[in-house]
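Heads up, the thing below is written out as structure tokens.
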Amino acid sequence: MQDTYKTEYFETSFGEIPAFTFSMKVRDLLHIHYVAVRGKDDEEGAVQRILNKRRIKDIKNYVLDGNMFFNSFILNWTDDNFSPNRQEQNIEIPLVPAGAQVIDGQHRLAGLEEAMKEEDEIGDQEVIVTLSEHLTTPQAAKIFLNINTEQKPVPKSLIYDLFGEAIDDAEHVVIRATDIAKELNDDPESPLYKSIKLPGAPRGSGSIELSTFVSSFKQHLGRDGVFYTVNLPSFKHQKTVIENFFSVMKDFYQHEKIWTSKSKNPFLKAAGFNGAVDYLTGTLMLKCAERKSFTVETMKKIIDLPYDNLLAWDEMKGLDGKTARKKVKEYLDSSVINSLPSHDEYEF
């Protein structure tokens with residue numbers, strides 16, 4: 001007689017695809033699951049990718065540190081000899097080796113399996129499982145894509161906003177700067193769209209190294225930085241200020257059709273980008289705070305660059321990085337002077 005795991009469940013669905021959600025012991029889930037890799041395993045529902053060993057190790061360590069997962073493991077029952085049996089509010093899952101195909105959670109399961117080798121009692125903990133039966137490959141792919149593309153991951157640094165005690169401030173600002181860089185790089189509406197070179201990106205993509213972006217902003221995003229000084233500690237506000245500033249820069253340089261030119265746009269070089277950030281954090285943000293506005297429109301009233309005399313990168317050839325950075329900031333600072341009223345417009 002086949003052993004079974006009996007538990008309460010509730011019925012749900014992925015669109016028109018019926019599914020059943022219940023809790024299950026880790027060791028029983030590991031016993032019944034298997035992974036079908038697309039392009040390798042010739043069977044219905046094969047949508048998984050090759051396992052990443054580094055990710056498995058990270059998950060194992062996460063579990064061994066006393067953590068467990070609250071999000072559901074998604075499975076597709078494929079065994080033809082045994083089937084889950086539902087009776088009123090209970091479901092019986094046959095404990096068949098490799099009876100259910102993993103749709104989502106393969107790395108978590110592999111990490112749990114590795115963790116159990118060191119601490120067997122982890123197998124007695126319970127996790128949430130959502131199970132469908134005999135899915136076709138298109139159905140499995142639809143669920144997989146919904147989970148992995150439509151549901152955009154929350155930026156890691158938002159965890160700090162909710163649980164500030166979980167990481168120290170130095171770690172937080174690096175994560176926050178990285179999150180902002182990724183969002184600005186991935187958003188087609190962003191002035192820095194595909195301008196930041198992220199790890200693993202194809203050769204030739206992006207002009208600004210992620211390390212340059214993070215180094216430029218990290219000192220300004222923490223508790224002692226200017227964003228906190230002007231009461232803008234949240235991810236949303238910090239990202240918006242940076243995005244608005246570079247949108248203004250883009251408007252000036254796009255007007256002359258040189259924003260995307262790596263040879264002419266100074267902000268696509270490390271020194272020029274650093275100089276722009278120095279200006280934003282050292283001058284512009286304080287002036288925006290005085291006006292109680294960080295909108296693009298407000299920034300445009302402060303920044304007055306001459307279209308016929310935009311600073312180009314070729315003007316800084318031969319300068320060392322520190323000097324070039326200083327020149328960019330001084331150039332942008334001069335735009336503030338130019339935008340001031342004339343003496344006869346002042347009231348005394």
Side-chain angles (χ1 to χ4, degrees), residues 177-198 201-217 220 227 232 236-288 291 293-317 319 321 324-340:
T178 301
D179 286 341
I180 293 173
K182 288 179 178 178
E183 293 248 337
L184 293 177
N185 185 71
D186 294 343
D187 182 1
E189 302 300 317
S190 162
L192 297 177
Y193 178 54
K194 291 187 176 179
S195 294
I196 301 169
K197 189 174 183 180
L198 302 176
R203 187 181 181 88
S205 63
S207 304
I208 305 160
E209 294 284 347
L210 176 61
S211 59
T212 297
F213 188 102
V214 172
S215 296
S216 295
F217 277 108
H220 305 295
F227 284 90
L232 296 176
K236 178 182 178 182
H237 288 145
Q238 291 174 352
K239 171 180 170 286
T240 300
V241 168
I242 297 169
E243 183 172 17
N244 286 354
F245 168 62
F246 282 102
S247 292
V248 173
M249 294 295 99
K250 180 180 178 180
D251 283 349
F252 283 108
Y253 280 75
Q254 191 83 316
H255 184 271
E256 299 301 309
K257 298 180 172 60
I258 59 175
W259 178 255
T260 57
S261 172
K262 295 181 181 180
S263 62
K264 294 183 179 181
N265 184 348
F267 310 118
L268 296 182
K269 304 286 187 179
F273 183 83
N274 285 329
V277 174
D278 290 343
Y279 166 74
L280 169 63
T281 56
T283 302
L284 183 61
M285 286 184 62
L286 296 176
K287 292 189 174 295
C288 286
R291 292 163 173 77
S293 172
F294 290 86
T295 65
V296 168
E297 291 72 22
T298 297
M299 291 183 182
K300 280 184 175 180
K301 291 177 182 178
I302 299 171
I303 304 170
D304 185 24
L305 299 181
Y307 286 112
D308 59 350
N309 191 30
L310 294 175
L311 181 65
W313 181 251
D314 56 14
E315 297 176 46
M316 291 181 279
K317 286 181 178 178
L319 298 180
R325 177 175 183 166
K326 182 179 178 182
K327 183 168 183 175
V328 170
K329 183 177 186 297
E330 288 175 347
Y331 171 75
L332 294 174
D333 275 330
S334 71
S335 73
V336 178
I337 302 298
N338 294 334
S339 68
L340 291 174

Glu315 and Lys327: which non-hydrogen atoms are nearest, and at how many Å? O-NZ, 3.6 Å
Minimum-distance pair of heavy atoms, taken over all atoms of Val277 and Ser216: CG1-O, 3.5 Å
Take Met316 and Val328 through the test side chain to side chain contact (heavy atoms under 4.5 Å, CB included) and record every step on the way to the result. CA-CA 9 Å; Met316 291 181 279; Val328 170; 3.8 Å; yes
Rounding to 0.5 Å, atoms CG (Leu311) and CD (Glu330) come to a distance of 11.0 Å
Closer than 3.5 angstrom, by distance alone: can the side chain of Trp313 be matched with the main-chain N or O of Ser261 as a donor-acceptor pair? no
Nearest-0.5 Å distance that lies between atom CG in Leu305 and atom OG in Ser334: 7.5 Å
On a heavy-atom basis, which atom in Ile303 and which in Ser335 lie closest, and how many Å separate them? CG2-OG, 3.8 Å
State, to 0.1 Å, how close Leu184 and Glu243 come at their nearest heavy-atom pair, and which atoms those are. CD2-CB, 3.7 Å
Measuring from Leu310:CG to Glu256:CD, what's the distance to the nearest 0.5 Å? 5.5 Å
Go through Val248 and Val296 one step at a time and tell me if the side chain to side chain contact (heavy atoms under 4.5 Å, CB included) criterion holds. CA-CA 6 Å; Val248 173; Val296 168; 3.9 Å; yes
Output for pair (Ile196 CD1, Ser211 OG), nearest 0.5 Å, gives 11.0 Å
Against Asp278, only a single residue in His220, Arg325, Lys326 fulfils side chain to side chain donor-acceptor pair (under 3.5 Å); can you say which? Arg325
From Lys301 NZ over to Cys288 SG, what is the distance, rounded to the nearest 0.5 angstrom? 11.0 Å
Residue that, paired with Asn244, satisfies side chain to side chain contact (heavy atoms under 4.5 Å, CB included) out of Ile242, Thr240, Val241: Thr240
By salt bridge (Lys or Arg N to Asp or Glu O under 4.0 Å) - contacts of Lys264 (at least two apart): none
N/O donor-acceptor pair under 3.5 Å between Asn274 side chain and Ala270 backbone: yes
Quick check: Phe246 with Phe273 (ring centres under 6.0 Å apart)? yes
Hey, can you tell me if Phe217 and Phe213 have their rings parallel, tilted or perpendicular (30° and 60° cut-offs)? tilted
Phe267 and Tyr253 aromatic ring geometry - parallel, tilted or perpendicular at 30°/60° bounds: perpendicular
Considering residues at least two apart in sequence or located in another chain, which fulfil the ring pair (Phe, Tyr, Trp, His ring centres under 6.0 Å) criterion with Tyr331? none
Heavy atoms only: give me the nearest Leu332-Ala276 pair and the separation to one decimal. CD1-CA, 3.9 Å
For a quick test of reading the model, state the closest non-hydrogen atom pair linking Lys182 to Leu198 and the distance between them. CG-CD2, 4.1 Å
I need the Leu268 CG to Ser195 OG distance, nearest 0.5 Å. 5.5 Å
